[in-house]
Amino acid sequence: MRRTCTNCLYDMMEYDERIVYIGSDLTKRELHKFRESYPDRYFMEGVYEQHLVGMAAGLALSGKIPYFNTIATFITRRCYEQILVDLCMHDLPVRLIGNGGGVVYAPLGGTHLAIEDMAILRVAPKMTIVAPCDAEEMKRVMAASVDWPHPLYIRLAKGGDEVVSRPELPFEIGKAVPLRDGGDVLFITTGITTQRALQAAELLAQDGVETSVLHSHTVKPLDAEEILKRVESVRVILTVEEHRVTGGLGGAVAELLAESGLLSDKRFRRIGFPDIFTEELGSQDLIMEKYGMSPETLAVAAAELLNQPS
Amino acid sequence: MDERSRALRLKLVRILEQCRRGHIGAALSLIEITRVLFDEILRYDPANPLWEDRDRFVLSKGHGCLALYLMLADKGFFPEEELFTACSFGSRLGGHPEYGLPGVEAATGALGHGLSIGIGMALAAQIDRKPYRVFVAVGDGESQEGSIWEAAMSAGKHRLDNLTVLVDRNHMQCYGPTEEIQDLEPLADKWTSFGFEVRECDGHDVDVLRTELSSVPFRPGKPGVLICHTLKGMGFSSTVNNPDWHHKSHISDEDISQMVRDLESM
């Protein structure tokens, strides 16, 4: 997903001279070609993220479309005031690309986990948050990002994720994508939890439980219309995110549903990390399983809710 | 102090008479700097404030905004009457500059942001091979923010000779003297070591300011910094070097009368 994102940007820079690439001390890999092709618009800069968000704002105030790429924790937490004031208050078309959204960097420890990034950005007016589920969807995010008129956060997953997005379906920032229809259970997912929910739906189907999966690649602005439409016909709703359950997708859906009046005869649960600093190292898969985000645990959670009296 | 500097200060008093609050000291140390910039240095068009080739002035120490508003109104970026609405409900003139007011290049007030924004603007000029220059005014208290030095490092790296930083070196911050709170010296050496060509001058001497600012870039291939030695609250007996006037609300009738008397006796 990360390589796709970088390659898309490389291609886009060829035909759109407004695009400027800013990186903060990233691994060289496929980036060397940028310097050769676009020496004036490629900036590999130091480890001073606050400054780089401000610099991106200055470039955008001068007609450029900057894409600023670094590790998700540092691009969101450390520069929060610059994001809020320099980008959002000015409503500038700066794109923040966060590597390792979620627990991708789990082996590196708690300082490197980005599991509140969407929450802190969601309360910034004008900010848009997109978490694509696979490399194919990343291509569509990148294509749509160029002319998106607001600040945009693109949350990158680990990469090599199974492709489940469907090219025949339309893609639009802010529009959730139904990937599976039917039944009494609805998973609302974002990023790579979509694959897991689709697998959980297969498991549930083996037990005769039909399940819908609504992939909300855009967490802000939330596609309230599509969510409410899908919620109406189900009994059980679960949000799933590689993020704390406070403030992100689950929080946003909870706020929406609480005010919708639709919840009285339904069961709702947010699945994600609780309000703690997780301490586990190890693989992304193991940690997600522990916190209930494996296909099996998702299926169990759905079945549990389904069997509770409403 | 010449007639124009006195007249600008009198207008500032008339604004205070209406809004009764503001970062007075921080604006008064800046008045000659903004005056010379807008009178004689910057290229701009008040009828077309977003003219692509304009010089950019970013007031990173946004709390000094009364000094900026005075010059923007003076040049016709907005009607002069609007000055007297400052800080009131529905006004475009906040206690810190808001983006959207003609002539304001960026909303500032959270300290340590403006230099990075100015660097982005200067880089854009470099990319587009445009001749415009970028001037950024920072406070000395503001220079305690780490982000100022992040930005300084970056400006040096990019050899931005279209960028000039003006340090309002008034030696005074909210609580008291910068020397007591967090000393900045050797300030010139700091900027030099970050790759800047450094000049220093009396920030209230309009002739010297004009001479220095007419000679930018101070050195081709390097960003410049002009450390302007100023007095916080310059011009009034009550405000000069008085941290109580860094920000003041509830400015009284007597405060106003005293300020007018000070100007008349000069």
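Just so it is clear, the values below take in all heavy atoms, side chains as well, and ignore hydrogens, waters and symmetry mates. Per chain, numbering begins at 1; letters A, B, ... match sequence-line order. Model, not experiment: these values are computed from the prediction.
- Within 6.0 Å of NZ on A:Lys126 lie no more than 12 heavy atoms contributed by other residues, nucleotides or ligands.
- Annotation: the span from A:Asp86 atom CG to B:Thr108 atom OG1 amounts to 10.0 Å, rounded to 0.5 Å.
- For A:Val53, no part lies near chain B; criterion is any non-hydrogen pair under 4.5 Å.
- The nearest pair of heavy atoms linking B:Ile117 to A:Ala57 is CG1-CB, 4.3 Å.
- With rounding to the nearest 0.5 Å, the separation of CD in B:Glu52 from OG in A:Ser62 is 9.5 Å.
- Only the side chain of B:Lys157 comes within contact range of chain A, with at least one heavy atom under 4.5 Å from a heavy atom of that chain.
- More than 12 heavy atoms of other residues, nucleotides or ligands lie within 6.0 Å of CZ in B:Arg54, so this atom counts as buried by the packing criterion.
- Ranked by heavy-atom pairs under 4.5 Å with chain B, the list A:Pro66, A:Gly54, A:Ala56, A:Gly63 is led by A:Gly54.
- Atom CD of A:Glu225 has 12 or fewer heavy atoms from other residues, nucleotides or ligands within 6.0 Å.
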Test B:His113 against A:Glu81 for side chain to side chain donor-acceptor pair (under 3.5 Å), laying out the working first. CA-CA 9 Å; B:His113 289 225; A:Glu81 191 178 73; 2.6 Å; yes
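- Counted within 6.0 Å of OH on A:Tyr15, heavy atoms from surrounding residues, nucleotides or ligands total more than 12; the atom is thus considered enclosed.
- Between the CD atom in A:Gln50 and the CD atom in B:Glu145 there is a gap of 8.0 Å [rounded to 0.5 Å].
- Other residues, nucleotides and ligands contribute only 12 or fewer heavy atoms inside 6.0 Å of the CD atom of A:Glu17.
- Looking only at heavy-atom pairs under 4.5 Å with chain A, the residue among B:Leu50, B:Val58, B:Leu123, B:Leu115 that has the most is B:Leu123.
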Take B:Tyr99 and A:Met89 through the test side-chain contact (heavy atoms from CB on, under 4.5 Å) and record every step on the way to the result. CA-CA 8 Å; B:Tyr99 187 59; A:Met89 272 178 68; over 6 Å; no
Test B:Asp128 against A:Lys64 for side-chain contact (heavy atoms from CB on, under 4.5 Å), laying out the working first. CA-CA 10 Å; B:Asp128 295 336; A:Lys64 304 298 176 198; 2.5 Å; yes
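- Interface remark: of the candidates B:Gly100, B:Ala110, B:Ser147, B:Ser154, B:Ser154 forms the most heavy-atom pairs closer than 4.5 Å to chain A.
- Here NE2 of A:His90 is found 8.5 Å from CD of B:Glu98. Values are rounded to the nearest 0.5 Å.
- At a heavy-atom separation below 4.5 angstrom, chain A is approached by no residue within residues 87-96 of chain B.
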Stepwise side-chain contact (heavy atoms from CB on, under 4.5 Å) test for A:Phe43 and B:His158: CA-CA 10 Å; A:Phe43 299 101; B:His158 291 290; 3.6 Å; yes
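- In this structure, NE2 on A:His51 lies 5.0 Å from OG on B:Ser116, to the nearest 0.5 angstrom.
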Should A:Leu61 and B:Met121 be marked as a side-chain contact (heavy atoms from CB on, under 4.5 Å) after you check the CA-CA gap, both sets of side-chain angles, and the distance that decides it? CA-CA 7 Å; A:Leu61 283 164; B:Met121 293 169 171; 3.8 Å; yes
